[in-house]
Amino acid sequence: MKFWSQYFVPTLKESPADAEIASHKLLVRAGLVRKLGGGLYTYMPLGLRVMQKLTQLCREEIEAGGGIELWMPHVHPVENWEQGPRWAAAREIMFRTDSAGAGKGRSKEPEFVLGPTHEEVITPLVKQEITSYRDLPKNFFQIATKFRNEIRPRFGLMRAREFVMMDAYSFDANDEAAVKSYFAMKSAYEKFFKRVGIQAIAVEADTGVMGGSFSHEFMVPAEIGDDDVIYSESGYAANREKATSALVPKNIADAAPVGAIEEFATPGVVTIAALATAPYNVPGDQQFKTLVYIGDGKPFIVILRGSDELEEAKIGSLGFTVFRPATAEEIEPVLGAKPGSLGAVKGTIKNADALAGVFADHAIRLIGNGTTGANKDGFHLRNINVVRDLAITKFGDFRRVRPGEPCPQSGQPLQVRRGIEVGHIFKLGTKYSEKFGAVYTDDQKQSHLMVMGCFGIGISRTMQAVIEQSHDADGIVWPWNVAPFHVLICLLDPDSADAMNLAKKLATAAETAGADVIIDDRAERPGVKFKDADLIGIPLRVTIGSKGLKEGIVELKARNSKDVAKISLAEIEQRLAAIVNEEKRKAT
RNA sequence: CGGGGUGUAGCUUAGCCUGGUAGAGCGCCUGGUUUGGGACCAGGAGGUCGUAGGUUCGAAUCCUAUCGCCCCGACCA
């Protein structure tokens with residue numbers, strides 16, 4: 001048991017000026033964290049207790065799902081990252097350092113990075129240690145600090161530059177086994193979030209180059225979330241980056257040409273909207289929108305309906321390591337016109353050979369014959385037929401889904417809501433094992449690449465997500481399993497030896513039943529103690545007051561209820577133990 | 001990185017527009033009265049007004065630069 005007067009729970013009456021959302025304010029007000037700098041937080045004693053509980057729950061479920069815990073360095077030699085597949089894409093968010101600060105004296109300074117995640121460490125380790133199919137599958141995990149130099153940290157622990165994450169890495173002999181590992185982890189995640197006492201739904205997530213449906217994010221529904229979840233009543237749920245709809249029928253017939261291409265002057269018209277108004281009157285959904293990107297140094301084109309938005313993440317499926325929108329200066333020499341008059345009609349592209357490809361969204365088939373830029377400033381072309389006229393390399397899904405479109409599984413209207421990503425599971429395949437040479441020998445003496453998966457749970461972010469999902473006007477309402485303490489004994493008259501003895505006796509009874517107990521023995525007025533008790537959100541409160549003692553009772557109150565039960569001194573020990581046992585049972 | 005905002009005591013802030021002795025509430029310390037939902041009274045400590053320049057007789061206030069923080073966007077392995 002802990003005594004509040006000797007512990008450290010610095011609660012605040014007022015919200016800090018730099019916190020905007022409820023969970024961030026409560027984190028600080030309840031004395032769980034303090035800020036050092038943007039995205040950098042100290043876990044105060046109470047916050048650390050919550051983190052430790054989350055960590056232990058996570059450890060138990062990941063182990064039950066096949067994980068083996070280890071601990072890797074957070075300082076990584078840069079060579080590991082240079083050898084890996086995503087150095088170019090990841091380096092921007094990595095903290096970089098050298099071995100000795102300034103290190104001016106030496107010509108060659110070893111260089112290090114702080115680990116944002118550990119594929120580049122675990123894969124070489126496994127390559128070194130595992131060479132036989134007999135040692136597979138293996139799934140290693142750690143629960144440790146991660147460093148990411150986020151461009152914009154947000155909302156306290158929600159997106160921090162240093163944070164705590166569980167990261168697991170599975171190694172399997174083949175694809176089938178890797179899928180098995182993947183779903184074992186998915187089920188471990190579901191059990192973990194259930195035990196935490198938080199509603200987290202698995203949604204399909206962007207898989208980048210892998211394709212298929214082998215990435216899921218675990219989302220906590222919340223308005224302040226960073227991600228949009230697209231879902232339908234039928235159970236379909238996907239991150240907007242990944243979501244599709246049944247807007248375009250699967251076997252839509254290609255439209256026949258309606259006539260010869262006609263060029264027409266559109267002076268000053270450089271937007272979809274402008275072309276949609278008089279005198280042109282070409283509706284957005286009859287225009288071809290031509291976007292130019294630079295992928296790994298080469299320009300490429302994406303064609304969408306004028307009325308659609310590009311979902312940039314979906315470009316990831318094209319296989320470029322890094323990509324970005326092209327600038328007007330980069331576009332003109334390739335297409336021959338400035339943005340606003342661009343098109344992908346065969347023969348109009350000034351330097352078609354420079355292009356890495358022309359990728360078209362399926363939805364342009366709905367246009368059939370439409371209008372697009374002429375690659376000549378101030379001119380557009382009409383009667384452009386998708387099949388006959390456009391220089392398409394490949395069709396794909398690149399558009400951003402809109403709410404109301406039919407669900408790809410059930411046809412019901414899609415809906416959207418915000419979510420906080422608290423976990424992500426990913427079937428990696430052989431992307432890393434290839435780079436690092438992680439191979440094993442099978443029972444036929446054949447060498448094969450190991451098939452990998454990687455899995456993450458944001459532990460510190462989950463702490464805040466719990467608060468975001470479970471609080472009221474007075475403070476936090478901790479679910480039993482992650483509460484920093486289960487029972488708060490509110491000692492209104494700490495100077496009374498009888499009251500103190502009773503508090504200790506009840507604390508012992510609750511502890512014996514399996515609860516963590518804190519006794520508020522501060523020399524504060526009752527109002528202060530009650531306010532603080534609600535603020536820090538301990539599930540069970542026992543109030544020992546001199547009035548009650550005269551009547552021979554103490555009071556029992558649950559944080560998530562308004563009811564106050566008066567229990568006689570004769571019964572209280574037993575009742576308290578019984579309630580603790582019941583709460584433990586409910587929380588599993 | 002673009003846009004916006006902001007920086008005054010441990011915390012929340014007023015003052016800035018219109019330059020002239022830096023103010024309040026909370027918290028803290030001392031004493032007293034209180035004691036079941038953030039008590040009251042009296043006294044007290046605590047601020048180079050983010051930093052550096054500049055303008056001025058005089059700068060928290062005006063100007064410039066710079067740094068930090070917050071929000072929106074972009075970005076997000």
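If you're wondering where the values come from, they're calculated on a predicted model, not measured in any experiment. Each chain gets a letter, A, B and so on, in the order the sequences are listed, and its residues count up from 1.
Listed by chain and residue number, A/F300 satisfy the ring pair (Phe, Tyr, Trp, His ring centres under 6.0 Å) test with A/F359 (two or more places apart in sequence, or in another chain). Residues passing the side-chain contact (heavy atoms from CB on, under 4.5 Å) test with A/E329 are A/T327, sequence neighbours excluded. For the salt bridge (charged side-chain N to carboxylate O under 4.0 Å, His left out) test, no residue two or more places apart in sequence or in another chain qualifies with A/K2. The ring pair (Phe, Tyr, Trp, His ring centres under 6.0 Å) search around A/H74 returns A/W71, not counting sequence neighbours. Every side-chain contact (heavy atoms from CB on, under 4.5 Å) that A/A19 has, sequence neighbours left out, goes to A/P16, A/H24, A/K25. A/Y169 meets the ring pair (Phe, Tyr, Trp, His ring centres under 6.0 Å) test with no other residue; sequence neighbours excluded. Applying the salt bridge (charged side-chain N to carboxylate O under 4.0 Å, His left out) rule to A/D308 yields the partners A/R305, A/R399, A/R402; only residues at least two apart in sequence or on another chain are considered.
Computed from coordinates, the A/D520 CG to B/rG37 P distance equals 15 Å when rounded to whole Å. The NZ atom of A/K531 sits 14 Å away from the P atom of B/rG27 (whole-angstrom rounding). Rounded to whole angstrom, the span from the NZ atom of A/K25 across to the P atom of B/rC71 amounts to 12 Å. At whole-Å resolution of the value, CZ in A/R461 and P in B/rC76 are 14 Å apart. Atoms CD (A/E223) and C1' (B/rC71) sit 17 Å apart, rounded to a whole Å. Look at CD on A/E555: it is 11 Å from P on B/rG37, rounded to the nearest Å. In this structure, the CE atom of A/M94 is 14 Å from the C1' atom of B/rC76, given to the nearest Å. If you measure from atom CD of A/E150 to atom P of B/rC71, you get 13 Å, rounded to the nearest angstrom.
As judged by a 4.0 angstrom heavy-atom cut-off over every strand, A/E92 is placed among residues making no nucleic acid contact. Backbone-only engagement by A/F155 is indicated by non-hydrogen atom pairs under 4.0 Å involving sugar-phosphate atoms exclusively. At the heavy-atom level, A/K35 lies under 4.0 Å from the strands shown only through sugar-phosphate atoms. Across all strands, A/R29 comes closer than 4.0 Å to base atoms (heavy-atom distances). Using a 4.0 Å heavy-atom cutoff across all strands shown, A/D532 reaches at least one base atom of the nucleic acid. Nucleic acid contact class of A/R522 (heavy atoms, under 4.0 Å, all strands): none. Within the 4.0 angstrom heavy-atom criterion, no nucleotide atom of any strand lies near A/E241. When heavy atoms are screened at a 4.0 angstrom cut-off, A/D534 is found touching base atoms of the nucleic acid. Base engagement by A/G545 is indicated by at least one non-hydrogen atom pair under 4.0 Å involving a base atom.
Out of B/rC69, B/rG38, B/rG36, the shortest distance to the side chain of A/R161 is found at B/rC69. The side chain of A/R152 lies closest to B/rC71, out of B/rC75, B/rC71, B/rG38.
Of the two residues contacting RNA chain B, namely A/K557 and A/F163, the nearest-nucleotide position lying further toward the 5' end is that of A/K557. Nearest-nucleotide mapping onto RNA chain B: of A/R159 and A/F530, the residue sitting toward the 5' end is A/F530.
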Reading RNA chain B 5' to 3', what string of ( ), [ ], | and . shows its pairs, if Watson-Crick and G-U wobble pairs count only when both distances fall under 3.5 Å? (((((((..((((......[..)))).((((((.....)))))).....(((((..]....))))))))))))....

Extract from the structure each pairing of a protein N or O with an N or O of nucleotides 31-35 of chain B at less than 3.5 Å, listing the distance.
from: B/rU34; atom 1: O2; to: A/R525; atom 2: NH1; distance (Å): 2.8

All N/O pairs under 3.5 Å across the protein-nucleotides 10-14 of chain B interface:
from: B/rU12; atom 1: OP1; to: A/A17; atom 2: N; distance (Å): 2.7
from: B/rU12; atom 1: O4'; to: A/E14; atom 2: OE1; distance (Å): 3.4
from: B/rU12; atom 1: O2'; to: A/E14; atom 2: OE2; distance (Å): 3.2

Evaluate salt bridge (Lys or Arg N to Asp or Glu O under 4.0 Å) for A/R400 paired with A/E309, printing each intermediate quantity in order. CA-CA 5 Å; A/R400 174 172 290 179; A/E309 293 296 319; 5.8 Å; no

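To the nearest whole angstrom, the two P atoms, one in B/rG4 and one in B/rA65, are 14 Å apart. Of the P atoms belonging to B/rU8 and B/rC70, the separation is 14 Å, rounded to the nearest Å. Nucleotides B/rG47 and B/rA24 are separated by 14 Å at their C1' atoms, to the nearest Å. Comparing B/rG15 with B/rU33, their P atoms are spaced 40 Å from each other, to the whole Å. Using C1' as the reference atom, B/rG23 and B/rA60 are 12 Å apart when rounded to the nearest Å. Separation of the P atoms belonging to B/rG58 and B/rC41 is 44 Å when rounded to the nearest angstrom. B/rG19 and B/rA59 have their C1' atoms separated by 6 Å, with the value rounded to a whole Å. Between B/rU64 and B/rU48, the distance separating the two P atoms is 26 Å to the nearest Å.
Side-chain atoms of A/E312 and A/Y293 include a donor-acceptor pair closer than 3.5 Å. Side-chain N/O atoms of A/T244 and A/D397 include no donor and acceptor closer than 3.5 Å. Under the 3.5 Å distance criterion, with hydrogens and angles disregarded, a donor-acceptor pair is assigned to the side chains of A/H424 and A/E421. Side-chain atoms of A/D167 and A/T117 form no donor-acceptor pair, as typed in the model, at a separation below 3.5 Å.
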Quick one: side chains of residues 540-557 of chain A, donor-acceptor pairs under 3.5 Å with protein atoms, not counting sequence neighbours, listed by atom name and distance.
from: A/R541; atom 1: NE; to: A/T543; atom 2: OG1; distance (Å): 3.4
from: A/K557; atom 1: NZ; to: A/S561; atom 2: O; distance (Å): 3.0

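For the pair A/K13 and B/rG27, the criterion of a side-chain N or O lying under 4.0 Å from OP1 or OP2 is met.
For the side chain to side chain donor-acceptor pair (under 3.5 Å) condition, the pairs that include at least one residue of residues 453-465 of chain A, sequence neighbours left out, are A/S23-A/Q464.
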